[in-house]
Visitor: 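One structure coming up, written as structure tokens, with questions to follow.
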2 protein chains.
Amino acid sequence: MIRLFDYFRSSASYRVRIGLNLKRVEYERVDIPLLEGTQRGADNLARNPQGFVPTLEIDGHQLTQSLAILDYLDARFPEPAFLPADPARRARALAQALLIACDIHPLNNLRVLGYLKDKLGADQDTRDDWYRHWIREGFAALERMAEGSGRYLGGDDPGLADICLVPQMFNARRFRLDLGAFPTLVRIDSALQDLEPFAAAHPDRVQA
Amino acid sequence: MIRLFDYFRSSASYRVRIGLNLKRVEYERVDIPLLEGTQRGADNLARNPQGFVPTLEIDGHQLTQSLAILDYLDARFPEPAFLPADPARRARALAQALLIACDIHPLNNLRVLGYLKDKLGADQDTRDDWYRHWIREGFAALERMAEGSGRYLGGDDPGLADICLVPQMFNARRFRLDLGAFPTLVRIDSALQDLEPFAAAHPDRVQA
């Protein structure tokens with residue numbers, strides 16, 4: 001049995017849920033309620049040394065870090081491929097995914113927002129501005145990279161960058177970021193949300 | 001001609017220099033002085049939509065995001081491989097690399113330290129505490145993951161996680177982080193620095 005230890009609103013978990021759905025892999029969800037601190041308990045630390053979600057239990061392994069998990073799934077279940085075979089297109093797709101996974105998402109993690117509040121005394125507005133700032137910076141670059149994309153960032157089929165885009169868009173909307181400057185990303189996100197593997201991974205569907 | 005647009009002290013650039021050296025690839029360095037803001041100029045934005053370094057010009061492409069560049073190099077120049085062939089070992093190595101590349105390094109980027117100073121009014125001590133905090137958090141998890149490693153994080157040969165470790169250790173020392181709690185990482189970093197591909201990529205060697 002494949003088990004995903006996740007949290008409905010965690011971006012990195014959301015990515016892995018989309019990936020599992022795209023590969024048509026059945027799995028069981030185990031909820032790790034981040035707001036209660038369960039992720040830092042001994043049980044979760046034993047499977048995830050960072051005390052994070054997600055962790056994927058598969059083939060007798062406990063895998064961490066969403067992009068490493070998606071890489072494993074892509075090799076284990078080759079169809080549909082998450083990345084193009086052409087080396088330059090592959091590098092571009094990876095760069096788009098990493099732009100989100102390295103340069104937007106970690107800056108807006110719960111632990112970072114907690115540090116801003118507790119150690120720097122940043123109030124809600126200051127934290128919300130911070131949150132939107134890093135999405136805006138990243139999306140501005142991603143929008144330029146995405147111009148000339150096909151239906152999806154991945155072209156005719158959704159790929160790794162699309163898997164990262166949808167959860168980040170969800171966060172952007174949750175924090176009321178004005179998306180007017182990112183028409184290509186909005187169009188692609190909308191097309192992706194029409195796909196069942198993406199829709200079924202949405203936090204609202206998972207929590208229900 | 002392969003050209004690397006980089007900055008001597010940028011962690012992500014340092015990673016790519018190590019990668020190129022491990023693959024024994026000759027390249028030309030083009031300096032992008034971050035402290036002067038050159039990275040946000042039109043020339044650099046044309047090659048790197050995020051206005052970051054590094055960018056690698058190779059085979060007629062301009063590649064961005066250090067881990068995407070290293071992935072391209074690994075396919076283009078297969079020996080020595082940056083990642084193990086075994087899927088579970090590959091996933092573990094990727095997770096270690098991503099721990100550094102996503103969960104430590106982006107939090108301590110110049111642009112983030114600048115935001116803390118300019119928008120949140122954080123003084124030097126507060127910013128230094130921030131810097132050390134995220135390395136400490138990440139290294140604590142990486143130390144646990146690294147126990148039982150061989151000579152290097154990659155085993156008998158250095159791999160992708162080692163390529164990420166050395167620049168991060170350089171940053172940790174530059175900000176005077178107490179490394180006493182990370183004996184495995186210190187041992188591995190020391191072994192890595194004895195290797196010429198790592199030594200030749202060091203900021204002091206590049207700047208000279």
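Residue numbers begin at 1 in each chain, while the letters A, B, ... track the order of the sequences. Just so it is clear, the model here is predicted, and its values are computed rather than measured.
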Visitor: Apply side-chain contact (heavy atoms from CB on, under 4.5 Å) to A:Val206 and A:His202, showing your working.
Guide: CA-CA 6 Å; A:Val206 170; A:His202 192 284; over 6 Å; no
Visitor: Mind checking whether B:Cys102 and A:His105 have side chains closer than 4.5 Å, heavy atoms only?
Guide: no
Visitor: For each of A:Leu107, A:Asp103, A:Asn48, A:Asp129, tally heavy-atom pairs with chain B at distances under 4.5 Å, and name the one with the top tally.
Guide: A:Asp103
Visitor: If you measure from CG on B:Asp43 to CZ on B:Phe5, what distance do you get to the nearest 0.5 Å?
Guide: 9.0 Å
Visitor: Between B:Arg47 and B:Asn44, do the side chains contain an N or O donor and an N or O acceptor separated by less than 3.5 Å?
Guide: yes
Visitor: Taking only residues two or more places apart in sequence or in another chain, which ones pass side-chain contact (heavy atoms from CB on, under 4.5 Å) with A:Asp31?
Guide: A:Tyr7, A:Arg29, A:Pro33
Visitor: Check whether NZ of the Lys or CZ of the Arg A:Arg9 lies under 6.0 Å from the centre of the six-membered ring of A:Tyr14 and within 45 degrees of that ring's axis.
Guide: no
Visitor: When rounded to the nearest 0.5 angstrom, what distance separates CG in B:Leu142 from CD in B:Glu147?
Guide: 10.5 Å
Visitor: Below 4.5 Å, heavy-atom pairs only: which of A:Leu116, A:Asn109, A:Thr126, A:Leu99 has the largest tally toward chain B?
Guide: A:Leu99
Visitor: Applying a heavy-atom distance below 4.5 Å, give me the residues of residues 56-80 of chain A that approach chain B, sorted by number.
Guide: A:His61, A:Leu63, A:Thr64, A:Gln65, A:Leu67, A:Ala68, A:Asp71, A:Tyr72
Visitor: Evaluate side-chain contact (heavy atoms from CB on, under 4.5 Å) for A:Ile100 paired with A:Arg15, printing each intermediate quantity in order.
Guide: CA-CA 11 Å; A:Ile100 295 172; A:Arg15 286 177 203 148; 4.3 Å; yes
Visitor: Write out, in numerical order, the residues from residues 150-177 of chain A with a heavy atom short of 4.5 Å from a heavy atom in chain B.
Guide: none
Visitor: Can you name the side-chain contact (heavy atoms from CB on, under 4.5 Å) partners of B:Arg144, sequence neighbours left out?
Guide: A:Leu45, A:Pro49, B:Ala141
Visitor: Counting N and O atoms only, with roles assigned by atom type, does the side chain of A:Glu143 sit under 3.5 Å from a partner on the main chain of A:Thr184, one being a donor and the other an acceptor?
Guide: yes
Visitor: Considering only heavy atoms, which portion of A:Gln96 lies under 4.5 Å from any heavy atom of chain B: side chain, backbone, both, or neither?
Guide: neither
Visitor: Which atoms of B:Trp134 are under 4.5 Å from chain A, going by heavy atoms: the side chain, the backbone, both sets, or neither?
Guide: side chain
Visitor: Would you sort out whether A:Asp6 and A:Arg17 count as a salt bridge (charged side-chain N to carboxylate O under 4.0 Å, His left out), showing the intermediate values?
Guide: CA-CA 9 Å; A:Asp6 85 341; A:Arg17 293 195 302 265; 2.7 Å; yes
